[in-house]
Asker: 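A single structure is presented below for examination.
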Amino acid sequence: MADSAQAQKLVYLVTGGCGFLGEHVVRMLLQREPRLRELRIFDLQLGPWLEELKTGPVQVIAIKGDVTQAHEVIAAVAGAHVVIHAAGLVDVFGRASPETIHKVNVQGTQNVIEACVQTGTQFLVYTSSMEVVGPNVKGHPFYRGNEDTPYEAVHRHPYPHSKALAEQLVLEANGRKVCGGLPLVTCALRPTGIYGEGHQIMRDIYYQGLRLGGRLFRAIPTSVEHGRVYVGNVAWMHVLVARELEQRAALMGGQVYFCYDKSPYKSYEDFNMEFLGPCGLRLVGTRPLLPYWLLMLLAVLNALLQWLLRPLVLYAPLLNPYTLAVANTTFTVSTNKAQRHFGYEPLFSWEDSRTRTIRWVQAMDGSAQ
Ligand SMILES: NC(=O)C1=CN([C@@H]2O[C@H](COP(=O)(O)OP(=O)(O)OC[C@H]3O[C@@H](n4cnc5c(N)ncnc54)[C@H](O)[C@@H]3O)[C@@H](O)[C@H]2O)C=CC1
Ligand SMILES: C[C@H](CCCC(C)(C)O)[C@H]1CC[C@H]2[C@@H]3[C@H](O)CC4=CC(=O)CC[C@]4(C)[C@H]3CC[C@]12C
């Protein structure tokens, strides 16, 4: 892919290209992949911001489609050199049924793999998640772990279960012959909790704080560290992997990489305060205001209410037994595998990532709570 005869010749497809991460991947590709000729953006819902991209030198094609529909995926993949599969149903709040989560995340990924095989597309990058590893249901800490750290991955929740199955499909597909006889080269990126411009949960927590008079109440001990990574760096990793996959197929094919950068290790709440603090919110308490057992009771009550109200209304608060367990379990990564395998260095420093995220929160409409 690297020779000059191929300058501006490549066709990329980004599934989920209108989501939080997908939009950053799309913009990053347009800025940092000079060999791009055509960029296809495939999503259930297309964003209006795509229009502004259509005036540049790269042909940007927006495709409204559903990864669960095999024929739509085949049509989108045909003729693409690289597929970045970031589409997924990210739901840990009980909004979607387990069946729907499975259909989108697992069957959708299978459809993408089969489309690559059928149409002769050779390079597939899958956006996996730290959640395929953990935290597990037993609350075991994963402290500064890397891709080889032993950990008992046990999934009971539909989202991590689906991501783990999908990742496995992608990795097992590495080496399959695609139409034309060449081998499929795949790999999976595992972001930890992504933050940055466009992060819906950060937006929800910000508005929650405004509704509570500028206060948030500490629920998680400061000692519980949670891995976080800036969205721009996750996008950059996707662009680099996609670029290097052909030249380094033997090394990178079938591999997994955690997404990491220089964001500090902190608790989920303390980390959020790095951005919400400068925007006027205060985290009340140096220790959790409620004991864990009481929080868990509230979380279980929320789950019960969700179940009871489901025929009438969707009740999906941030607090449920699963989100509490994840937030309350240390999960941090420390690795340099991406640097060793394909020369990844974070594009955005921590200071830059922080400033960009703060500016985004500050630009939010405080009255739109
Ligand atoms: N947000 C996070 O902290 C993390 C996210 N991830 C993964 O990154 C990927 C992107 O996640 P986010 O950008 O956060 O989520 P998002 O919900 O903002 O983006 C997902 C996109 O996929 C699209 N999509 C959903 N179902 C689809 C379908 N059936 N067909 C086509 N498109 C469909 C959605 O419309 C959306 O635009 C997901 O695969 C997720 O599992 C991994 C680790 C952490
Ligand atoms: C919503 C949680 C924070 C609320 C805590 C409470 C209820 C005590 O106030 C979030 C804590 C950890 C988050 C998850 C984590 O970052 C890992 C993820 C990876 C993904 O692939 C998808 C998102 C998520 C599951 C993320 C979701 C929100 C948290 C559970």
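No hydrogens, no waters, no symmetry mates; every other heavy atom, side chains included, goes into these values. Predicted model only: the values in this text are computed from it and were never measured. Remember, it's 1-based here, ligands and their atoms both numbered in the order they're listed.
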Asker: Does the cation-pi check pass for Lys266 over Phe271, that is, NZ or CZ under 6.0 Å from the six-membered ring centre and within 45° of its axis?
Answerer: no
Asker: Would you say Thr15 and His85 are linked by a side-chain donor-acceptor pair, where the criterion is simply a distance under 3.5 Å?
Answerer: yes
Asker: Measuring from each atom of ligand 1, which residues have a heavy atom under 4.0 Å away?
Answerer: Gly16, Cys18, Gly19, Phe20, Leu21, Asp43, Leu44, Gly65, Asp66, Val67, Ala86, Ala87, Gly88, Val90, Val104, Thr127, Ser128, Ser129, Tyr159, Lys163, Pro191, Thr192, Gly193, Ile194
Asker: Is it the case that more than 12 heavy atoms not belonging to Lys337 sit under 6.0 Å from its NZ atom?
Answerer: yes
Asker: To check your reading of the model: name the closest protein heavy atom to atom 9 (O) of ligand 2, its residue, and the distance in Å.
Answerer: Glu269 OE2, 4.3 Å
Asker: Indicate whether the side chain of Arg203 and that of Gln200 have a donor and an acceptor atom separated by less than 3.5 Å.
Answerer: yes
Asker: Right, does atom 4 (C) of ligand 2 have protein non-hydrogen atoms nearer than 4.0 Å?
Answerer: no
Asker: Is it the case that the side chain of Lys262 and the backbone of Trp350 share a donor-acceptor pair, with hydrogens and angles ignored and the cut-off at 3.5 Å?
Answerer: no
Asker: Can you tell which of Glu131, Met130, Lys163 gets a heavy atom nearest to atom 24 (C) of ligand 2?
Answerer: Glu131
Asker: Give the residue and atom name of whichever protein heavy atom lies nearest to atom 23 (C) of ligand 2, and the separation in Å to one decimal.
Answerer: Val90 CG1, 4.1 Å
Asker: Heavy-atom distances under 4.0 Å decide this one: backbone, side chain, both or neither, for His226 against ligand 2?
Answerer: side chain
Asker: Under 6.0 Å from the NE2 atom of His157, do we count more than 12 heavy atoms belonging to anything else shown?
Answerer: yes
Asker: Hydrogens and angles aside, do Thr149 and Asn146 bring a side-chain donor and acceptor to less than 3.5 Å of each other?
Answerer: yes
Asker: Identify whether the distance between the nearest side-chain nitrogen and carboxylate oxygen of Glu147 and Arg190 falls below 4.0 Å.
Answerer: no
Asker: For Ala327, counting its heavy atoms only, list the atoms of ligand 2 lying under 4.0 Å from any of them.
Answerer: 5 (C), 11 (C)
Asker: Are Arg27 and Glu52 close enough, and set up right, to give a salt bridge (Lys or Arg N to Asp or Glu O under 4.0 Å), and what steps lead you there?
Answerer: CA-CA 11 Å; Arg27 292 186 187 277; Glu52 87 202 36; 3.2 Å; yes
Asker: What atoms in ligand 2 come closer than 4.0 Å to a heavy atom of Leu319?
Answerer: 7 (C)
Asker: Under 4.0 Å from ligand 2, counting heavy atoms only, is it the side chain of Ile201, its backbone, both or neither?
Answerer: side chain
Asker: Between Arg176 and Glu114, is there a side-chain N and carboxylate O pair less than 4.0 Å apart?
Answerer: yes
Asker: Within the supplied structure, the quantity of interest is the number of heavy atoms (other residues, nucleotides, ligands) at a distance under 6.0 Å from Arg310 CZ; does it exceed 12?
Answerer: yes
Asker: Considering non-hydrogen atoms of the protein only, which is the closest contact for atom 2 (C) of ligand 2, and what is the distance?
Answerer: Thr323 CB, 4.1 Å
Asker: Considering both backbone and side-chain atoms of Tyr268, is one of its nitrogen or oxygen atoms within less than 3.5 Å of a nitrogen or oxygen in ligand 2?
Answerer: no
Asker: Could you tell me whether atom 26 (C) of ligand 2 has a protein heavy atom closer than 4.0 Å?
Answerer: no
Asker: Please list, in number order, the atoms of ligand 2 under 4.0 Å from a heavy atom of Gly193.
Answerer: 16 (O)
Asker: Whether the His226 and Thr332 side chains hold a donor-acceptor pair (N or O, under 3.5 Å, no angle test) is what I'd like checked.
Answerer: no
Asker: Just to confirm my output: which protein heavy-atom neighbour is closest to atom 14 (C) of ligand 2, and how far is it?
Answerer: Val326 CG1, 4.1 Å
Asker: Please confirm whether Arg144 makes a cation-pi placement over Tyr265, using NZ or CZ under 6.0 Å from the six-membered ring centre and within 45° of the ring normal.
Answerer: yes
Asker: Could you list which atoms of ligand 2 come closer than 4.0 Å to a heavy atom of Val92?
Answerer: 25 (C), 27 (C)
Asker: Considering only heavy atoms of Ser129, which atoms of ligand 2 have at least one such atom less than 4.0 Å away?
Answerer: 19 (C), 20 (C), 21 (O)
Asker: With a 4.0 Å cut-off on heavy atoms, does Tyr322 reach ligand 2?
Answerer: no
Asker: So with a 6.0 Å cut-off around CH2 of Trp307, is the heavy-atom count from everything else above 12?
Answerer: no
